[in-house]
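The sequence lines fix the lettering, A, B, ..., with proteins before strands; numbering per chain opens at 1. On a predicted model such as this, the values are computed, not experimentally measured, just so you know.
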2 protein chains.
Amino acid sequence: MPPVVTMGADGRRTGRRPATSAAELEHLALQIFAERGFEETTVDDIARAAGIGRRTFFRYFASKNDVPWGDFDGQLEVMRASLASAAAGEPTVAVLRRAILDFNTYPPAEGAWLRRRMTLILRTPALQAHSTLRYASWRGVIAEFVARRVGQPADALTPQAVAAAHLGVAVTAYEQWLREEGTDLVAILDEALGLLATGFAAF
Amino acid sequence: MPPVVTMGADGRRTGRRPATSAAELEHLALQIFAERGFEETTVDDIARAAGIGRRTFFRYFASKNDVPWGDFDGQLEVMRASLASAAAGEPTVAVLRRAILDFNTYPPAEGAWLRRRMTLILRTPALQAHSTLRYASWRGVIAEFVARRVGQPADALTPQAVAAAHLGVAVTAYEQWLREEGTDLVAILDEALGLLATGFAAF
DNA sequence: TTCACTTTCGGCACCGAGTGCCATTAGTGT
DNA sequence: ACACTAATGGCACTCGGTGCCGAAAGTGAA
């Protein structure tokens, strides 16, 4: 069993200790990617730099493409909880907007890292492609929430469409944010999501 | 130079004739994918079935992932032209809606093939991921059109957001269509795009 | 200390996608 | 027969990813 999964909080542990951690490995890999480029960096390079075997690398990450995503699933859980705890009176789209903004609000210290991570993800074709699979979980969380609100199954057209549209617009906002150095991600996200709420009929 | 590219309409041709065509190869490959599954089919399998060398396969398709997409770029050109020729009086979002419906209107004879292709693309993780790269061109066409209409650069937030939202919703409609055998793709697309025009504020 | 047990490590061999290189083949026109 | 052109396909290689399995490094108990 991979060390990443076993990280669970057992009272005490037995057996050999993991040589490193996913977070540490991610940090190191991101640094190398930034220097040499994603495609130009082999898994061997990363493993060698981390002082572990190539085989071991794949126990920490299912694929090279998964490295930049960190604990995305954990983050998603937070968003799911945030959505679930919203007041029933608040309009669906407003809850959604707030949750997405929260989800993408990071402490200023992490801002630079976020920028690096997202630049990598959004500008590297292999990662752009791979990200689709991560986005699917994100959409799932949104769709489930909307489905509950409108009283439809989560796989119905409306919840799915709302989720897909929000995802598309959010990614667009990220791309816009990356385009200029000093801009405010949350503000751009808010503007973009505003477009969705109003609808495009005005155009 | 690959045979696919050289297909240009020169007066007369010299040199060895291509052993097959991209269309023929795609047809054959899709059949094998349907029988054995995408992941389970190797490029060697396809090449052998087509009676060509493995190396030759990669002259017809840049990757195994590109096989199911056929002449997507050609189709895109048609949509671009359709958008460009729209009356200036017609609202942007209406033009968009019509163009997308046209783009996805196929002769009934091709309906079964479309379903197979899209099932493959939308339900195979590797293809789901890869499709992102194709969708980028699609978004580009939409964004350019919207940009022209609203008098902004194509990479500005609004055109990009409109394009991304439309893409997300359109893909959702496709997924909905695949879910039930006898449904009408265009009708579902129309319904989904309608949601976008109105906006989600009502929810 | 030694033994049993647990968990991670990491080497090895293997598969499949994709690429650069290049001789060969199958056409054309002179 | 000869030059020219374009496609073919074999070969060798890189890289991501996986199954297998013995070795290493921890734990607690005898």
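Close to dG27(C), at under 4.0 Å from its OP1 or OP2, lies no side-chain N or O of T14(B).
Atom CD of E180(A) has 12 or fewer heavy atoms from other residues, nucleotides or ligands within 6.0 Å.
Between G15(B) and G53(A), the residue whose closest nucleotide on DNA chain C is further toward the 5' end is G53(A).
Rounding to whole angstrom units, OH of residue Y60(B) and C1' of dA7(D) are separated by 7 Å. Straight-line distance from the CG atom of D45(A) to the P atom of dT14(D): 14 Å, rounded to whole Å. We find that CG of L25(A) is positioned 15 Å from P of dT8(C), with the value rounded to whole Å. Going from atom CZ of R16(B) over to atom P of dG27(C) covers 8 Å, rounded to whole Å.
The side chain to side chain contact (heavy atoms under 4.5 Å, CB included) test with Y174(B) is passed by exactly one of I121(B), L185(B), I188(B): L185(B).
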What protein N or O atoms touch nucleotides 17-21 of chain C N or O atoms at under 3.5 angstrom, if any, and at what distances?
residue: dA17(C); atom: OP1; partner: V43(B); partner atom: N; Å: 3.4
residue: dA17(C); atom: OP1; partner: K64(B); partner atom: NZ; Å: 3.2
residue: dA17(C); atom: OP2; partner: V43(B); partner atom: N; Å: 3.2
residue: dA17(C); atom: N7; partner: R54(B); partner atom: NH2; Å: 3.4
residue: dG18(C); atom: OP2; partner: K64(B); partner atom: N; Å: 2.8
residue: dG18(C); atom: N7; partner: R54(B); partner atom: NH2; Å: 2.1
residue: dG18(C); atom: O6; partner: R54(B); partner atom: NH2; Å: 3.3
residue: dG20(C); atom: N7; partner: R55(B); partner atom: NH2; Å: 2.9
residue: dG20(C); atom: O6; partner: R55(B); partner atom: NE; Å: 2.6

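The ring of Y135(A) has its center no closer than 6.0 angstrom to the ring center of W138(A).
Under the 30°/60° scheme for interplanar angles, the aromatic rings of F72(B) and W69(B) are found to stand perpendicular.
Looking at R17(A), its side chain has no donor and acceptor atom pair within 3.5 Å of the base of dT8(C).
For residues 104-116 of chain A, the salt bridge (charged side-chain N to carboxylate O under 4.0 Å, His left out) pairs, not counting sequence neighbours, are R115(A)-E181(A).
Remark: K64(A) fails to qualify as a cation-pi partner of F58(A) under the 6.0 Å distance and 45° angle criteria applied to the six-membered ring.
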